Amino acid sequence: MPAGQNRPAAFRRPPGTSSPGRLPSLAVSLLAGIPLAAGCGGSDAGASGSPALTPGRARQVVAEYAATVGQAGDRLDASLLPKVETDPQRTMDTAAVRLRQVSGARTGLLKFSQVSVIVPRLSGYPRWFAASAVSGSGKGALRHALLFTQEKADAPWLLAADPFPTGSSLDHVALDRDGYATAVAASSGKGLAMSPGALPAAHAALLNEGPRAAGADRLAPGPRTTEAFAALRRVEAGLRKSGVTLSSRFEPGSAQVRALRTRDGGAVVWYVLKQREAYSAAKKGKLTVTGDLVGLAPPSSVSTRMDTTVLIQYLATVPAHGRAGVSGMYRKAVAASGR
C-alpha cells in the first residue's frame, strides 16, 4: 500500500498513487491496512448534560476546518494547521505536509460531502463532537470519522482525530429525542464487553505479543489486529534475510479516549497508539530515508541505524457482549533519526 494512502486529504497522497519505497517501509504499509475520556469516571459521561454545541454550529466548524486545511495542503503550509487542529492530528498532518514539501506535490482543496454531525451531551470541558463525512468521489471516495474538541469556553474547535472507517460505524450512534448523542466515559464498563479506556492497552499488547497476549482476546481478529501482528512478524523475518533487524513496540498514546453510545447498547471509540521502530543494519546502504519518512530526517543522517516514531489513530466498536472490532485507522510516521 502506498505510504500516503492511509491519510488522503488536501495535502496527502490520494489513493491509487505510488510513493518512493524503502525496504523498511514494508512494515509501515502492512500495518496500515492488511491484506497487506471521554470525561470523568462514572457511567455515561454527560448523559444529562447540555449539548456540546448546536448541530448548525458543528456543521460550520466542519466547513471551516475543510477550508483551512485545504489551504494548508494547496500551499503546503503547515503553519495553518494549528488554527484548526490539535494533537495527535496536528503532529501527524504536519509530518504529512513535510513529506509533500520535499516533492513539491501540491493538491486541490479539501471538499467534504455527506456531512453528518453527532453532538453529545457533556458536562464541563473539554467538549467535543464527531462528524461523519466523505471526501473524493467514485472509487476514490473516502469516509471520515472526524473528532473535534474545545478545551475551554471561547476556545477554538480543533480537529483531534480523523481515522478512516471501512464501514458506517457512526451511523449506529444512539440519539435521544432531541437528536443528541450520549458520551461514554473512558473508564465505564457499564453494559459493555470492555471499557473504552481498556482498548489502547489491549490493542498494543496484541500488536506486541500476538493474539495470546493478556487482554488480546477482547479484540476481534482482522486486518488491524491479528493480521497486522502476523504481517509485522513476516516483515521482520524478511528484513533479517536482507541484513536488516527491526524491533517494534506499541504503547497507548497520550490522547484521551472518546466514546459514544450506540443503538445496540455498545459504543464507538476513538483512541491512539504510539509505535516505536528501530532498524539496524551491519552494512551501510541498507537503510535510507524515503517513503513515509521523507521530510522527517536528512537522508545523510542514516547509516546503519534508524529510529522512528509513529502515531496511529483507531476507530473501534465495543459491543455489549463479545469482542471489540477495529474498523478505522490513520497511521503516520512523525519522527525519525539515524546514525
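This structure is a prediction, so every number in the text was calculated from the model and none was measured.
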S.K.: Ignoring hydrogens and geometry, is there a side-chain-to-backbone donor-acceptor pair from T225 to A220 under 3.5 Å?
M.R.: yes
S.K.: Could you check whether any side-chain N or O of T308 sits under 3.5 Å from a backbone N or O of A336, counting only pairs where one atom can act as donor and the other as acceptor?
M.R.: no
S.K.: Show your reasoning for whether side-chain contact (heavy atoms from CB on, under 4.5 Å) applies to S137 and K111.
M.R.: CA-CA 10 Å; S137 60; K111 295 182 180 180; over 6 Å; no
S.K.: Any chance you could measure K332, atom NZ, to I312, atom CD1, to the nearest 0.5 Å?
M.R.: 12.0 Å
S.K.: Starting from the C-alpha separation in whole Å, work towards a yes-or-no answer on side-chain contact (heavy atoms from CB on, under 4.5 Å) for V302 and Y279.
M.R.: CA-CA 10 Å; V302 175; Y279 298 91; over 6 Å; no
S.K.: With distance as the sole test, does R98 use its side chain to make a donor-acceptor pair with the main-chain N or O of G295 at under 3.5 Å?
M.R.: yes
S.K.: Determine the minimum heavy-atom distance between P298 and V289, stating which atoms define it.
M.R.: O-CG2, 4.1 Å
S.K.: Within this structure, what is the OG1-CG distance for the pair T226 and L219, rounded to the nearest 0.5 Å?
M.R.: 9.5 Å
S.K.: Looking at every heavy atom in both V173 and A181, which two are closest together, and how far apart are they?
M.R.: CG1-CB, 3.8 Å
S.K.: Consider only side-chain N and O atoms of S169 and R143, and report whether a donor and an acceptor are under 3.5 Å apart.
M.R.: no
S.K.: Step by step, would you call Q275 with S248 a side-chain hydrogen bond (donor to acceptor under 3.5 Å, both in side chains)?
M.R.: CA-CA 7 Å; Q275 180 188 10; S248 180; 2.8 Å; yes
S.K.: Taking the side chain from D178 and the backbone from Y180, do they hold a donor-acceptor pair closer than 3.5 Å?
M.R.: no
S.K.: Do L315 and W128 belong together in a cluster built from hydrophobic side chains that touch within less than 4.5 Å?
M.R.: yes
S.K.: Under a 4.5 Å cut-off applied to non-hydrogen side-chain atoms, are R323 and P221 in contact?
M.R.: yes
S.K.: For residues 198-222, pull every pair meeting side chain to side chain donor-acceptor pair (under 3.5 Å), keeping only residues two or more places apart or in separate chains.
M.R.: H203-Y271
S.K.: With a 4.5 Å limit on heavy-atom distance, are the side chains of Q313 and W270 in contact?
M.R.: no
S.K.: Would you say L199 ends up clustered with V257 if hydrophobic residues are merged whenever their side chains have heavy atoms under 4.5 Å apart, either directly or through other cluster members?
M.R.: yes
S.K.: Tell me, which pairs form a side chain to side chain donor-acceptor pair (under 3.5 Å) where one or both residues lie in residues 297-306, sequence neighbours left out?
M.R.: R305-D307
S.K.: To the nearest 0.5 Å, what is the distance between OG1 (T309) and CD (E277)?
M.R.: 9.0 Å
S.K.: Enter the distance from R339:CZ to S280:OG here, rounded to the nearest 0.5 Å.
M.R.: 9.0 Å
S.K.: Check for me, please, whether V115 and V134 land in the same ILVMFWY cluster - side-chain distances under 4.5 Å, paths through other members count.
M.R.: no
S.K.: If Ile, Leu, Val, Met, Phe, Trp and Tyr residues are connected whenever their side-chain heavy atoms lie under 4.5 Å apart, and connections chain through other members, are V334 and V272 in the same group?
M.R.: no
S.K.: Could you check whether any side-chain N or O of S242 sits under 3.5 Å from a backbone N or O of L239, counting only pairs where one atom can act as donor and the other as acceptor?
M.R.: yes
S.K.: Any side-chain heavy atom of R121 sitting closer than 4.5 Å to one from D176?
M.R.: yes
S.K.: Salt bridge check: are E64 and R57 linked by an N-O gap of less than 4.0 Å?
M.R.: yes
S.K.: Can you tell me how far CG of L80 sits from CZ of R75, rounded to the nearest 0.5 angstrom?
M.R.: 6.0 Å
S.K.: Kindly indicate whether the side chain of V69, heavy atoms from C-beta on, has any atom under 4.5 Å from the side chain of L159.
M.R.: no
S.K.: Backbone N or O of V244 within a donor-acceptor pair of the R240 side chain at under 3.5 Å?
M.R.: no
S.K.: Can you name the nearest heavy-atom pair linking L311 to P88, along with the distance?
M.R.: CD1-CB, 4.1 Å
S.K.: Where is the tightest heavy-atom contact between A216 and G210, given as atom of each residue plus distance?
M.R.: CB-O, 3.7 Å
S.K.: Determine, step by step, whether L232 and L207 satisfy the side-chain contact (heavy atoms from CB on, under 4.5 Å) criterion, reporting the C-alpha distance in whole Å, the side-chain angles of both residues, the deciding distance to 0.1 Å, and the verdict.
M.R.: CA-CA 9 Å; L232 182 54; L207 294 175; over 6 Å; no
S.K.: Looking at side-chain heavy atoms only, is the closest gap between V268 and L170 below 4.5 Å?
M.R.: yes
S.K.: Distance check, rounded to the nearest 0.5 Å: K274 atom NZ versus R249 atom CZ?
M.R.: 14.5 Å
S.K.: Any non-hydrogen side-chain atom of V318 less than 4.5 Å from a side-chain atom of P196?
M.R.: no
S.K.: For H144, is there any backbone N or O sitting under 3.5 Å from a side-chain donor or acceptor partner on D162?
M.R.: no
S.K.: Heavy-atom distance under 4.5 Å between the side chains of L53 and F148, does that happen here?
M.R.: no
S.K.: Would you say M306 and L293 make side-chain contact, with heavy atoms under 4.5 Å?
M.R.: yes
S.K.: Testing the basics here: between A52 and V119, what is the closest heavy-atom pair and its distance to 0.1 Å?
M.R.: N-CG1, 3.7 Å
S.K.: Would R224 and T166 satisfy side-chain contact (heavy atoms from CB on, under 4.5 Å), going step by step from the backbone distance to the final call?
M.R.: CA-CA 11 Å; R224 298 163 187 83; T166 55; 2.9 Å; yes
S.K.: So, for Y65 and W157, is the gap between ring centers shorter than 6.0 Å?
M.R.: no
S.K.: Would the distance check show the side chain of Q101 and the main-chain N or O of L76 forming a donor-acceptor pair, the cut-off being under 3.5 Å?
M.R.: yes
S.K.: Quick check on the hydrophobic clustering: are V97 and L158 connected, directly or via other members, by side-chain heavy-atom contacts under 4.5 Å?
M.R.: no
S.K.: Minimum heavy-atom separation for Q89 to Y330, with atom names?
M.R.: NE2-CE2, 3.6 Å
